[in-house]
Amino acid sequence: MENKIKRHEFLKSMGLKGAALLAVYCGASSLSSCKNESVSPASSVDFTLDLSTATYSKLNTTGNYVIANGIVIARVSATAFAAVTQVCSHENKANVIYSGGGFYCTQHGATFSITGAGTNANGSRGIQAYKTTLTGTSLRIYA
């Protein structure tokens with residue numbers, strides 16, 4: 001059986017040495033970033049998915065979604081798609097999925113509409129949404 005110790009527990013067990021190591025690891029001005037190990041949503045997005053390929057064919061069925069380039073793309077109706085960043089605004093972790101007609105963060109339960117608007121307290125800041133255009137079997141996702 002493998003015993004694993006979490007970074008926080010390890011540093012705590014080291015006492016003052018651990019605090020010094022933590023300061024070096026995280027930088028004196030941004031200690032909170034070490035805790036979150038956060039990621040940022042993509043700011044410049046413009047790519048196309050071919051829905052005729054096996055990789056993206058799930059998007060041919062309403063209610064399904066795929067994740068590509070850090071973007072969650074969902075088929076929300078027979079004629080519409082929604083695309084949002086996979087990065088949740090609650091703690092900046094890439095845990096957003098599509099579920100039950102909206103977007104959901106699996107980490108802390110933040111919920112978002114198909115336009116990226118927050119729909120509960122954890123999702124109140126909303127998330128970045130992207131435009132979509134379907135031409136034949138090519139789905140373009142762009143800012």
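In terms of heavy-atom proximity, I127 sits nearest to V87 at CG2-O, 3.6 Å. Of all heavy-atom pairs between A83 and I141, the closest is CB-CG2, 4.0 Å. S89 and G126 get closest at one heavy-atom pair: OG-O, 2.8 Å. Contact between I73 and L59 at its shortest, heavy atoms only, is O-CD2, 3.4 Å. When all heavy atoms of T48 and S138 are compared, the closest pair comes out as CG2-CB, 3.8 Å. Listed here is the closest heavy atom pair of V76 and A82: CG1-CB, 3.8 Å.
Under the 4.5 Å side-chain criterion, counting only non-hydrogen atoms from C-beta, H108 is in contact with E91. Residues L134 and T132 have side chains not in contact (no heavy-atom distance under 4.5 Å, counting atoms from C-beta outward). Looking only at side-chain heavy atoms (C-beta outward), Y56 and L139 stay at 4.5 Å or farther from each other.
Looking only at distances, a side-chain donor or acceptor of N60 sits under 3.5 Å from a matching main-chain atom of L51. No donor-acceptor pair under 3.5 Å is formed between the side chain of N69 and the backbone N or O of F47.
Partners of D46 under the salt bridge (Lys or Arg N to Asp or Glu O under 4.0 Å) rule, at least two apart in sequence or in another chain, are R140. For R125, there are no salt bridge (Lys or Arg N to Asp or Glu O under 4.0 Å) partners two or more places apart in sequence or in a different chain.
Side-chain atoms of T111 and T119 form a donor-acceptor pair, as typed in the model, at a separation below 3.5 Å. For the residue pair T53 / T55, no side-chain donor-acceptor distance below 3.5 Å is found, with atom types taken as modelled. A donor atom on one side chain and an acceptor atom on the other are found under 3.5 Å apart for T133 and Y142.
Transitive grouping of hydrophobic side chains (ILVMFWY, heavy atoms separated by less than 4.5 Å) keeps V96 and Y130 in distinct clusters. Following chains of ILVMFWY side-chain contacts shorter than 4.5 Å, one cannot reach F81 starting from V72, and the two form parts of different hydrophobic clusters.
When the options Y65, F112, Y104 are evaluated for a side-chain contact (heavy atoms from CB on, under 4.5 Å) with Y98, the one that passes is Y65.
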